[in-house]
Amino acid sequence: MVHTVIVSWYVSDYRLFQNNFALFTKDVFNSISDLTISTDASLNITNYNNKTKATLQTDASNIAQLLEQHLVNNQMNVAQSIQQLIDDQLDEVELTLLDQQRK
Amino acid sequence: MGYTFLLTDLTDIRQKENQLAELNATKDRLFAIIGHDLCKPSLAFRGIGKKVDYLLKKEDYSTLSQLTISLEKAAFSLNNLLDNLLNWALQQRNVLPYRPQPINVKAATAEIEQYFREVAATKDIQLAFDISEQTQVFADPNAFTTIVRNLVDNAVKFTPEHGEIKVTDEVQAKQVVLKVEDSGVGIALTELKDLFSLSGKKSRKGTQGEIGTGLGLTLVRELVRLNRDVIPISKTNNIYKPILLKLLFVENARLSYR
């Protein structure tokens, strides 16, 4: 249902007002209340929403690097965990992060 | 090709899980309290009719007299525990009645003094209630007596034979401080953090193996919280003052440090 709504929004608003895919993606991401980050195949960050920016203030270019900067302890190998997600070995990974304000 | 990652904040879920775990642990602990402590005094009542009948037929009034004292203690203990359980349950549901009013401390603690004097005597503990007849406080009577009863009970439990317990009152500035001082075994600083928590605390036994449930002090903490925000009222030549329940407790805890 949620997916249908997003597509509908895409059809109506994107064609009328947007001509840039990155901007459109950003708008869609910003409509999501969770932190949303897109990357390329090398896990370099290509887009993120405002919630991500507000919560994880950083200039990191790689998602693993970004998350590692906010880990409560840095013992965990985030890149390895992400790779397990990509390879479908894990459904989800739980990390304990500190946001910028609390850090 | 690329990926999109969603990072969901689980903080609230984890906090609720922790609260649930704590509630569950508290429930388990309550079952343990009921299982151990409620059974013990109630055993005193088992077969009481036959015992009384036997002693009457035997005309052994001395033993009968001892039996009544023993029963009185068991009944008080049972009543104390049930009262604590009821108050705790009400507090958990946030429906604990709170009706503050002027209380004469001496009169309000008279029954507690009478009962614990007998209990203390069995351990040869000198129990002194040195309270002025004029001292009045503004607090909820039920909460007040529950606090004093639990603090004195705790003091008796953890004071060795031939020890000393003093309950005194002192007017400080605009407050009345009621102190429960004892020469007891005290508590290690490392155990202090769990002193008021029902879920994480391990039961401590008294100097004669008395079981410590932890319910009493947990209840005291909640009742102290309840009575802290009382509004002082005054009266000519006989000033009603809010009892400094926080100080009442802190003073007691401090005396128990080791």
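In what follows, chains are A, B, ... by sequence order, proteins preceding strands, each numbered from 1. All heavy atoms count here, side chains included; hydrogens, waters and symmetry mates do not. These numbers come from a predicted model, not from an experiment.
Contacts between F29(A) and chain B at a heavy-atom distance below 4.5 Å involve the side chain alone, from C-beta outward. Heavy atoms closer than 4.5 Å to chain A are found in the side chain of L10(B), but not in its backbone.
A 6.0 Å sphere centred on CG of D91(A) holds no more than 12 heavy atoms belonging to other residues, nucleotides or ligands. Within 6.0 Å of NZ in K166(B) there are 12 or fewer heavy atoms belonging to other residues, nucleotides or ligands. Counting non-hydrogen atoms of neighbouring residues, nucleotides and ligands closer than 6.0 angstrom, the CZ atom of F116(B) exceeds 12 such neighbours. A 6.0 Å sphere centred on CD of E92(A) holds no more than 12 heavy atoms belonging to other residues, nucleotides or ligands.
The minimum heavy-atom distance linking D34(A) with L7(B) is given by the pair CB-O, 3.6 Å. Between Y3(B) and D40(A), the shortest heavy-atom contact is CD1-O, 3.7 Å.
Of the listed residues T46(A), N49(A), I63(A), the one with more heavy-atom pairs under 4.5 angstrom with chain B than any other is I63(A).
Tested against F5(B) for a side chain to side chain contact (heavy atoms under 4.5 Å, CB included), the candidates L43(A), L35(A), T36(A) yield a single pass: L43(A).
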